[in-house]
Amino acid sequence: MAQIVALYDRIDTETAAFQAATGLNCPPGCGKCCENPEVEATVLEMMPLALELWRTGEAAGYLERLSSLNSPASCLCYRSDPVVPGNGRCSVYPWRPTLCRLFAFATVKNKLGNPELAACIRQKQTIPDQVEGAKMAIASGMSAPNFGEIADAVANIDPSLGSDRFPINHALKQALQRVGLLAHLTLGEQNGDCVA
């Protein structure tokens with residue numbers, strides 16, 4: 001778990017430096033990307049959050065809500081603004097997965113293998129000058145996190161949990177179940193119970 005948390009710290013440091021150098025940011029209060037039911041994560045990326053939810057006693061409530069979802073839905077951890085459509089916030093911000101940390105502040109490789117900014121549509125609409133400046137800075141050699149490289153880093157930490165991507169709610173459910181099972185097995189062994 002320490003390795004994925006260290007990767008999160010690295011991503012946060014790199015995106016903060018990129019934002020400071022380019023002036024690129026999210027529109028105030030914007031949570032539009034979090035409303036997308038297509039957001040995906042690996043189980044490994046959701047493990048730090050799962051551990052935190054078990055630690056705080058919130059895991060059972062999350063598992064119950066996750067079990068009641070019938071179809072792909074926006075992230076269960078997202079809290080929309082009741083007044084301003086498209087605005088909202090993440091209720092588990094320190095524990096969010098890589099996509100949520102990188103989105104709008106990272107690069108993808110184009111057909112020639114060169115990095116280019118993957119800016120979001122709201123940035124393009126609200127701060128077009130900063131988006132263009134960031135694109136030019138990347139084209140001139142400025143470093144920015146890359147989605148593919150980060151995905152490889154996650155998979156290298158634990159190929160069995162860090163390679164396959166699932167809808168974010170499904171990945172969270174799997175992580176919560178895995179942590180709960182491990183805790184149950186560990187407690188059973190400590191108490192001398194047969195858990196086989």
Side-chain angles (χ1 to χ4, degrees), residues 1-20 24-69 71-106 117-127 130-131 144-145 147 150-151 153-154 157 161-162 165-179:
M1 211 52 51
Q3 289 176 299
I4 193 73
V5 172
L7 179 61
Y8 287 169
D9 289 343
R10 185 185 113 201
I11 292 168
D12 292 348
T13 299
E14 290 176 6
T15 55
F18 181 66
Q19 286 178 274
L24 197 62
N25 56 46
C26 290
C30 184
K32 193 70 176 164
C33 57
C34 302
E35 295 176 354
N36 185 345
E38 307 281 322
V39 173
E40 293 183 333
T42 65
V43 175
L44 178 61
E45 292 172 79
M46 302 308 286
M47 292 293 279
L49 172 58
L51 285 167
E52 178 65 9
L53 293 174
W54 279 106
R55 187 190 70 74
T56 60
E58 299 173 80
Y62 270 85
L63 280 168
E64 187 177 318
R65 289 193 303 263
L66 287 164
S67 294
S68 69
L69 296 176
S71 61
S74 61
C75 182
L76 190 67
C77 302
Y78 176 64
R79 303 294 177 260
S80 61
D81 185 323
V83 178
V84 183
N87 278 12
R89 66 177 183 82
C90 176
S91 64
V92 294
Y93 193 78
W95 309 107
R96 69 202 188 283
T98 59
L99 178 62
C100 305
R101 291 170 191 274
L102 293 168
F103 188 72
F105 303 106
L117 181 66
C120 87
I121 189 72
R122 302 269 315 258
Q123 284 176 319
K124 292 174 185 176
Q125 292 169 345
T126 59
I127 52 169
Q130 287 87 345
V131 170
F147 280 107
I150 296 297
V154 171
I157 292 170
L161 296 177
R165 304 190 74 72
F166 301 96
I168 194 165
N169 293 322
H170 184 69
L172 176 57
K173 184 177 180 180
Q174 286 188 57
L176 284 166
Q177 290 170 335
R178 179 174 283 272
V179 170

Specify the closest pair of heavy atoms between [X] and [Y], including all atoms of both residues, with the distance to one decimal.
X	Y	value
Ala59	Leu176	CB-CD2, 3.8 Å
Pro28	Asn87	O-ND2, 3.7 Å
Val39	Cys33	CG2-O, 3.8 Å
Gln19	Asn25	NE2-CA, 4.0 Å
Thr15	Asp12	OG1-O, 3.2 Å

For the [atom1] atom of [X] and the [atom2] atom of [Y], what is their distance to the nearest 0.5 Å?
X	Y	atom1	atom2	answer
Cys75	Glu35	SG	CD	11.5 Å
Arg122	Cys30	CZ	SG	4.0 Å
Arg101	Ile150	CZ	CD1	11.0 Å
Tyr8	Cys100	OH	SG	8.5 Å

Problem set entry | Side-chain heavy atoms of Leu117 within contact of Leu24, under 4.5 Å |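 A side-chain contact exists here, since the closest heavy-atom pair is under 4.5 Å.
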
Sequence neighbours excluded, which residues qualify as side chain to side chain donor-acceptor pair (under 3.5 Å) partners of [X]?
X	value
Arg10	Glu14
Gln174	His170
Glu58	Thr56
Gln123	none

So, using side chain to side chain contact (heavy atoms under 4.5 Å, CB included) as the criterion, who are the partners of [X] when residues are at least two apart?
X	result
Ala6	none
Glu38	Asn36
Leu51	Met1, Val179

For this session: I would like to know whether Arg178 and Leu161 meet side chain to side chain contact (heavy atoms under 4.5 Å, CB included); could you show each step before the answer?
Result: CA-CA 11 Å; Arg178 179 174 283 272; Leu161 296 177; 3.5 Å; yes

Problem set entry | side chain to side chain contact (heavy atoms under 4.5 Å, CB included) evaluation trace for Cys26 with Phe105 | CA-CA 9 Å; Cys26 290; Phe105 303 106; 3.7 Å; yes

Problem set entry | Phe166 and Leu172: CA distance, side-chain angles, deciding distance, side chain to side chain contact (heavy atoms under 4.5 Å, CB included) verdict | CA-CA 9 Å; Phe166 301 96; Leu172 176 57; over 6 Å; no

Taking only residues two or more places apart in sequence or in another chain, which ones pass salt bridge (charged side-chain N to carboxylate O under 4.0 Å, His left out) with [X]?
X	answer
Lys124	none
Glu52	Arg55
Asp81	none

For residues 40-49, run the donor-acceptor check on the side chains, cut-off 3.5 Å, and write out each pair with its distance to 0.1 Å, sequence neighbours left out.
residue : atom : partner : partner atom : Å
Thr42   : OG1  : Glu45   : N            : 3.1
Thr42   : OG1  : Glu45   : OE2          : 2.9
Glu45   : OE1  : Thr98   : N            : 2.8
Glu45   : OE1  : Thr98   : OG1          : 2.4
Glu45   : OE2  : Thr42   : N            : 2.9
Glu45   : OE2  : Arg165  : NH1          : 3.1

List the atom pairs, with distances to 0.1 Å, where a side-chain N or O of residues 62-69 and a protein N or O form a donor-acceptor pair under 3.5 Å, not counting sequence neighbours.
residue : atom : partner : partner atom : Å
Ser67   : OG   : Leu63   : O            : 2.9
Ser68   : OG   : Arg65   : O            : 2.8

Problem set entry | Backbone N/O of Ser74 and side chain of Asn169: donor-acceptor pair under 3.5 Å |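 Checked: pair present.
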
Exercise. So, Ser91 side chain and Cys77 main chain: donor-acceptor pair closer than 3.5 Å or not?
Worked result: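 It does hold such a pair.
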
